[in-house]
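To keep things clear, I will list the structure first and then write my remarks on it.
Quantities reported herein were computed from a predicted structural model and do not represent experimental measurements. So that the names make sense, note that chain A is the first sequence line, chain B the second, and so on, each numbered from 1. Note: hydrogens, waters and symmetry copies are ignored here, and every other heavy atom, side chains too, is used.
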Amino acid sequence: MTVAAHGYAPAASDRWRRLALAFSDSRNLLGLVFMLPAAALLIVFLAYPLGLGLWLGFTDANLGSTGRFTGIANYLSLAGDPVYWLSVSNTILYTVIASAAKFFLGLWLALLLNQNVPFKAFVRAIVLLPWIVPTVLSAIAFWWIYDTQFSVITWALKGLGLIDGSIDFLGNGTNARISVIVANVWRGIPFVAISLLAGLQTIPGSLYEAATLDGASSYQRFRYITLPMLTPIIAVVMTFSVLFTFTDFQLIYVLTRGGPVNTTHLMATLAFQRAIPGGRLGEGAALASSMIPFLVAAVMFSYYGLQRRKWQQGTRD
Amino acid sequence: MASVEISRVTKAFGATQVIHGVDVAIEDGEFVVLVGPSGCGKSTLLRMVAGLEQITGGEISIGGRVVNDLPPKERDIAMVFQNYALYPHMTVRDNMAFSMKLRGASSAEIDKRVGDAADILGLKPYLDRFPRQLSGGQRQRVAMGRAIVRDPQVFLFDEPLSNLDAKLRVQMRTEIKALHQRLKTTSIYVTHDQVEAMTMADRIVVMHDGIVEQAGAPLDLYDRPANQFVAGFIGSPAMNFIPGRIDRGGAVAVVADGGLRLPLAADAGGEHGQKVIYGVRPEHLGLGPGFEAVVQVVEPTGADTFVFCDAAGVRICANVEERQGFAPGGRIALAPRLDMVHLFDAESGRALPRRN
């Protein structure tokens, strides 16, 4: 610098300024600094608990002790546990049926909302409501709706003269399964519908006009324009929806706590049941960890589903 | 191929009427350009021909068949959109073949028709690409290929060149015209660019505020504009308009409001003292004894030199073809070509016919 060129020793403040300059010039270093807070949050609140959970799964930890390493003993005992396998099949059933219902109803709702309906903005806001309400609150509302004595559904059906007795919504296995799936679908539809609606709105109207002129019927326009253009968004939305549903806990915990006789236990609720009220942290952690392969599979499915859409990537050759 | 008859057509969106009784007769094989400023109703009119907008009143017939209540696909028309409207998830081939596939054509026939269209437009090497992988000009060609494959009765173009850069626009303009000369399909072309209209059209329909101001061959509109709007819209740079009164005492002239005396031909129309607009195009103003003006801005473009000057408070543009060393502030004398001067009634804007 000029000062040094004149033979003076560089002042301390000057050295600092040079350092600061080099620092702000370096994109990588600056990027690292900006990334740190987010990385810290991820490490403390996501990576650490995940790592701890995985570790606990290999121990016999319980509420009283930190536990010793026991290898895959927890997993072996789960493999021979019929309740565990019931929760796995419950979770798969719950996820598949609820996700499919959310997809079809959500898509239908999105298509409806994409039309010119009166009070468009208001209706769209209303549709979002089930998703904004805290899950526990809506679960409690459903608990009342499904109440054996005070159910509004029973009351209405009785009033219409369609049934005589009360419906035992949560008291037997089949009814309970249907009931929790309905509640989950009600809660999940807005996310699917609003996301797909956003996707629908990115499809230029002129494509439909061009297709109309090309002679496409309204079904053909849906089949050859809407659906392929919407597929990338469907893939993302449904991946998230499947992940949310697969890991669902609150609805079940409020409505049935896994009952009757474990028929509505999902992997998440069973893991909690075993680990916290049951006190067997190691077993609960192993149970929770066993959800990971399913979740990874769901993510991979959508990732490769997205990869195939070459028309979106504007590569020139 | 077919003729298109638009008679007494009106269009209203709710309470707002945007087209007020338009009559246009388009002959079989003709290339007609609808031109006008934004919001004049030209695109709406085109979309009514296509069947994308309901017709509020009047009648549109294609090939002698009234199409008012026919859905678009039964009108046998093809349309090229401003944003091309190519299906992004289909290859060029599939884009062009889509209408035939819907119709259930055999794959041999599809291949042949798509191949022929691709040949005409030079798209053979791009058939397996997606629209994203094409340049603007290539996409434009695919959009036209999609229309050609249909082999429709009428081509509709909705500002197809607006999204291209200036150079490509000139090139595509020529290509579309050559294509029309080859296929001879009746074409209706909408644009706001009067140069496009002048260069491509067999006949131009100038629209303004939902009515037809004038329809005719390009040079007819240029030489004999029916009113001040058409005179100002056709031609670039725009015609100079100078308000004044006719003075028939001595040599016939228009005396501008600022006192400037503008010469007229002896057979010019209008009565002594009538309030008029004196119209002369920049290219019909040359250097010579006429009136004096002070140079303000000089724009040399190579072939032409546009001089913007002030003549007794009136701003005038002249195209002096020769290269001139004018400097701002200099005084020049401009002489209008008297046979090319237009007079318009100041009230109605209508052209005043010459006296015989």
Side-chain angles (χ1 to χ4, degrees), chain A residues 107 110-111 114-120 195-238 302-317, chain B residues 43 46-47 49-53 70-92 94-105 125-126 128-135 138-139 142-143 146-147 149-150 152-156 158-160 163:
Chain A
L107 181 60
L111 290 170
N114 200 32
Q115 310 286 321
N116 268 324
V117 285
F119 308 109
K120 205 149 123 183
S195 308
L196 292 185
L197 177 63
L200 283 175
Q201 287 175 341
T202 64
I203 304 176
S206 61
L207 288 189
Y208 292 112
E209 292 182 343
T212 309
L213 294 178
D214 274 343
S217 64
S218 59
Y219 168 74
Q220 284 168 326
R221 287 199 294 276
F222 174 76
R223 166 75 187 73
Y224 295 111
I225 310 291
T226 311
L227 212 51
M229 298 281 292
L230 209 55
T231 323
I233 290 148
I234 291 176
V236 174
V237 170
M238 288 321 292
S302 107
Y303 180 75
Y304 286 109
L306 285 173
Q307 283 273 302
R308 278 214 314 276
R309 260 156 278 286
K310 204 171 125 205
W311 57 269
Q312 289 184 299
Q313 292 143 18
T315 48
R316 283 162 189 272
D317 47 3
Chain B
S43 280
L46 190 79
R47 292 168 59 82
V49 175
L52 296 173
E53 298 281 357
L70 281 187
K73 70 171 179 179
E74 283 168 37
R75 296 188 182 196
D76 204 4
I77 40 111
M79 186 156 164
V80 177
F81 292 82
Q82 180 175 355
N83 64 0
Y84 321 132
L86 300 180
Y87 310 122
H89 54 290
M90 296 184 198
T91 59
V92 169
D94 291 339
N95 261 286
M96 286 163 59
F98 188 60
S99 64
M100 298 189 70
K101 275 186 188 157
L102 291 178
R103 230 185 300 153
Y126 310 112
D128 292 312
R129 291 206 193 171
F130 288 100
R132 282 237 163 160
Q133 299 164 305
L134 301 176
S135 69
Q138 289 163 344
R139 287 183 211 180
V142 177
R146 196 164 61 176
V149 165
R150 300 266 311 274
Q153 305 245 34
V154 183
F155 281 134
L156 306 175
D158 189 6
E159 309 217 13
N163 288 6

Can you find a side-chain donor-acceptor pair between Asp128(B) and Thr91(B) that sits under 3.5 Å? no
Would you compute the distance between atom CZ of Phe222(A) and atom CG of Leu230(A) and round it to the nearest 0.5 angstrom? 8.0 Å
For each of Arg150(B), Lys101(B), Met79(B), tally heavy-atom pairs with chain A at distances under 4.5 Å, and name the one with the top tally. Arg150(B)
Under 4.5 Å from any heavy atom of chain A, what part of Leu86(B) do you find: side chain, backbone, both or neither? backbone
Heavy-atom contact with chain A under 4.5 Å, split by part of Arg103(B): neither
Heavy-atom cut-off 4.5 Å, strictly under: side chain, backbone, both or neither for Gln220(A) against chain B? side chain
So for Tyr208(A), is it side chain, backbone, both, or neither that comes closer than 4.5 Å to the heavy atoms of chain B? neither
Do Met229(A) and Leu207(A) have side chains that approach each other closer than 4.5 Å (heavy atoms only, starting at C-beta)? yes
Count the heavy-atom pairs under 4.5 Å between each of Tyr87(B), Tyr84(B), Phe98(B) and chain A, then report the option with the highest count. Tyr87(B)
Looking only at heavy atoms, the pair that brings Arg223(A) and Pro228(A) closest together is O-CD, 3.2 Å
Going from CZ on Arg132(B) to CG on Leu134(B), what distance comes out if it is rounded to the nearest 0.5 angstrom? 12.0 Å
With chain A, the option among Asn83(B), Leu102(B), Leu156(B) that has the most non-hydrogen atom pairs under 4.5 Å is Leu102(B)
Distance from Arg146(B) atom CZ to Asp214(A) atom CG, nearest 0.5 Å? 5.5 Å
